[in-house]
Number of protein chains: 2
Amino acid sequence: MPKDRSPTRIQKRNRANILEAALEVFSQNGFRGATVDQIATAAGLSKPNLLYYFPSKDAIFTALLSELLDTWLDPLREINPEGDPMAEILAYVERKLQMSKDMPRESRLFANEIVQGAPRMIEELSTDLRVLVDATETIFVDWMDAGRIARVHPRHLLFSIWSLTQHYADFEVQVRTLMTPDDPFDGASEFLETLYRRMLTPQS
Amino acid sequence: MPKDRSPTRIQKRNRANILEAALEVFSQNGFRGATVDQIATAAGLSKPNLLYYFPSKDAIFTALLSELLDTWLDPLREINPEGDPMAEILAYVERKLQMSKDMPRESRLFANEIVQGAPRMIEELSTDLRVLVDATETIFVDWMDAGRIARVHPRHLLFSIWSLTQHYADFEVQVRTLMTPDDPFDGASEFLETLYRRMLTPQS
DNA sequence: CAGACATTTGACCAACTGGTCAAACTCACG
DNA sequence: CGTGAGTTTGACCAGTTGGTCAAATGTCTG
């Protein structure tokens with residue numbers, strides 16, 4: 001393992017290559033389905049060489065997860081409590097949907113992990129994510145109290161956005177197989193906008 | 001492997017035990033994460049004994065999938081084109097939600113498989129399921145043409161129901177972690193009813 | 001209860017996998 | 001250009017895993 005001084009040029013390049021390769025391999029095969037050799041080959045390294053940069057398969061996976069989690073949750077942090085409620089929510093939905101389109105591997109990586117009980121993520125889920133979700137729920141409730149969006153269960157509202165947007169990345173094979181033409185995202189944006197507009201428009 | 005005459009009492013019992021054990025193990029660890037030994041132990045058999053009933057790990061998995069797929073799609077077949085549109089759709093949503101609650105292992109089994117590209121299911125997806133989905137879409141479109149529910153993209157409507165209901169089973173760990181109290185299904189039924197009622201009530 | 005057939009098992013194997021290690025090689029820098 | 005640190009590699013190892021096989025045991029039927 002490299003010393004923990006400032007990383008050399010080679011260290012930076014290889015570390016980046018490894019994480020990129022790991023994302024590709026882990027997201028396609030899950031943790032147990034992925035082999036260190038696969039990742040090494042995908043990163044253009046030999047197995048022992050890879051293990052010179054990360055002490056174990058587990059360490060690669062953990063590093064990858066924690067590196068991605070922040071990015072993954074960014075759209076949630078961008079919700080502005082001062083903005084127009086409907087616009088803010090629709091923009092959040094759009095950001096999440098775009099993320100599914102642009103980063104399907106990241107989405108599937110998390111999906112894989114969570115479906116199997118998230119043994120390596122429970123920690124973050126119940127701390128970092130928890131705080132973010134609580135804050136978002138407060139924002140939603142304030143908007144509902146002010147009568148600016150219709151009243152629904154705020155936490156299920158958030159779950160529904162995650163569910164509906166990530167579905168297009170996580171279950172892409174299924175969606176694509178059943179869509180004609182087979183673009184999974186064709187019409188998704190309009191559909192979701194309609195859905196949330198109708199659900200959340202305050203009743204007169 | 002047993003001869004293919006009419007199965008004996010022991011064959012019936014063991015085959016059932018194996019499939020039950022396989023559901024438990026595969027849904028928790030995915031195909032590659034599950035070992036034949038785990039399944040055998042969970043079924044109360046030795047490994048060679050298990051392999052006397054199924055020729056390979058792959059065969060167990062395939063048998064399990066095809067046995068479950070029919071059950072899994074039953075709720076879809078129960079949609080009645082002659083019934084009241086809103087009631088039919090809400091009832092379908094309720095059935096699917098109940099299924100997530102009662103059969104989370106089955107849900108996760110399929111989720112696992114599809115997230116990883118459904119290498120062992122593409123066949124069924126693009127034939128059996130395809131037909132069912134096309135038929136359902138026709139029903140939805142007829143209802144929309146008759147002005148009995150609001151117009152939305154019918155296929156995305158169906159995807160949304162799958163996504164929202166199965167989310168509670170597939171991502172149970174996440175949902176549970178973020179719910180207080182930690183019953184993932186608490187309030188889900190009411191939320192989904194509200195959602196689909198508001199989205200699909202015809203606009204005056 | 002004898003024989004035929006069904007079921008179960010222990011021992012075994014080859015392939016794979018995560019990980020180690022000492023030796024060899026490469027690079028940056030004085 | 002030499003030297004020490006950083007990097008890479010082939011050989012290797014122990015544990016796991018899917019699967020085989022012949023022999024032993026159990027079960028059913030005439």
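Being a predicted model, the structure only gives us computed values, none of them experimental.
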Think [X] has a side-chain N or O under 4.0 angstrom from the OP1 or OP2 of [N]?
| X | N | answer |
| --- | --- | --- |
| B:Ser46 | C:dT8 | no |
| A:Asn49 | D:dT9 | yes |
| A:Thr8 | D:dG6 | no |
| A:Gln11 | D:dG6 | no |
| A:Asn14 | D:dT8 | yes |

Among [options], which is the nearest nucleotide to the side chain of [X]?
| X | options | answer |
| --- | --- | --- |
| A:Arg9 | C:dT17, C:dT9, C:dA28 | C:dA28 |
| B:Pro48 | C:dA11, C:dG18, C:dT17 | C:dA11 |
| A:Thr35 | D:dT8, C:dG18, D:dG18 | C:dG18 |
| A:Tyr52 | D:dG6, C:dT17, C:dA6 | D:dG6 |
| B:Tyr53 | C:dT7, D:dG19, D:dT8 | C:dT7 |

Protein-nucleotide distance ([X], atom [atom1]; [N], atom [atom2]), rounded to Å:
| X | N | atom1 | atom2 | value |
| --- | --- | --- | --- | --- |
| A:Lys12 | C:dA28 | NZ | P | 13 Å |
| B:Phe61 | D:dG19 | CZ | P | 14 Å |
| B:Leu51 | C:dC13 | CG | P | 18 Å |
| A:Phe54 | D:dT7 | CZ | P | 13 Å |
| B:Gln38 | D:dG19 | CD | P | 15 Å |
| A:Asp37 | D:dG10 | CG | P | 12 Å |
| A:Arg13 | C:dA28 | CZ | P | 10 Å |
| B:Lys57 | D:dT16 | NZ | P | 15 Å |

Item to check | Verdict with reasoning, B:Glu190 to B:Arg197, per salt bridge (Lys or Arg N to Asp or Glu O under 4.0 Å) | outcome: CA-CA 10 Å; B:Glu190 294 80 358; B:Arg197 218 179 258 291; over 6 Å; no
Item to check | Sole candidate of B:Thr136, B:Asp142, B:Thr138 that passes side-chain contact (heavy atoms from CB on, under 4.5 Å) when paired with B:Phe140 | outcome: B:Thr136
Checklist entry - So, B:Arg77 and B:Asp70, do they make that salt bridge, N to O below 4.0 Å? => result yes
Checklist entry - B:Ser189 pairs by side chain to side chain donor-acceptor pair (under 3.5 Å) with which of B:Glu94, B:Gln98, B:Lys101? => result B:Glu94
Checklist entry - Atom CZ in A:Arg108, atom CZ in A:Phe171: separation rounded to 0.5 Å? => result 11.0 Å
Checklist entry - Heavy atoms under 4.0 Å, any strand shown: does B:Arg32 hit a base, just sugar-phosphate, or nothing? => result sugar-phosphate
Next on the checklist: Applying a 4.0 Å non-hydrogen cut-off, can you work out what A:Ala34 is touching in the nucleic acid: base, sugar-phosphate, or nothing?
Outcome noted: sugar-phosphate
Checklist entry - Quick one: on DNA chain D, does A:Gly44 or B:Ile10 contact a more 5' nucleotide (nearest heavy atom)? => result A:Gly44
Next on the checklist: Can you see whether B:Tyr168 engages B:Ser107 through a side-chain donor-acceptor pair at a distance of less than 3.5 angstrom?
Outcome noted: no
Next on the checklist: With hydrogens left out and only the distance checked, is there a donor-acceptor pair under 3.5 Å joining B:Lys47's side chain and the base of D:dG18?
Outcome noted: yes
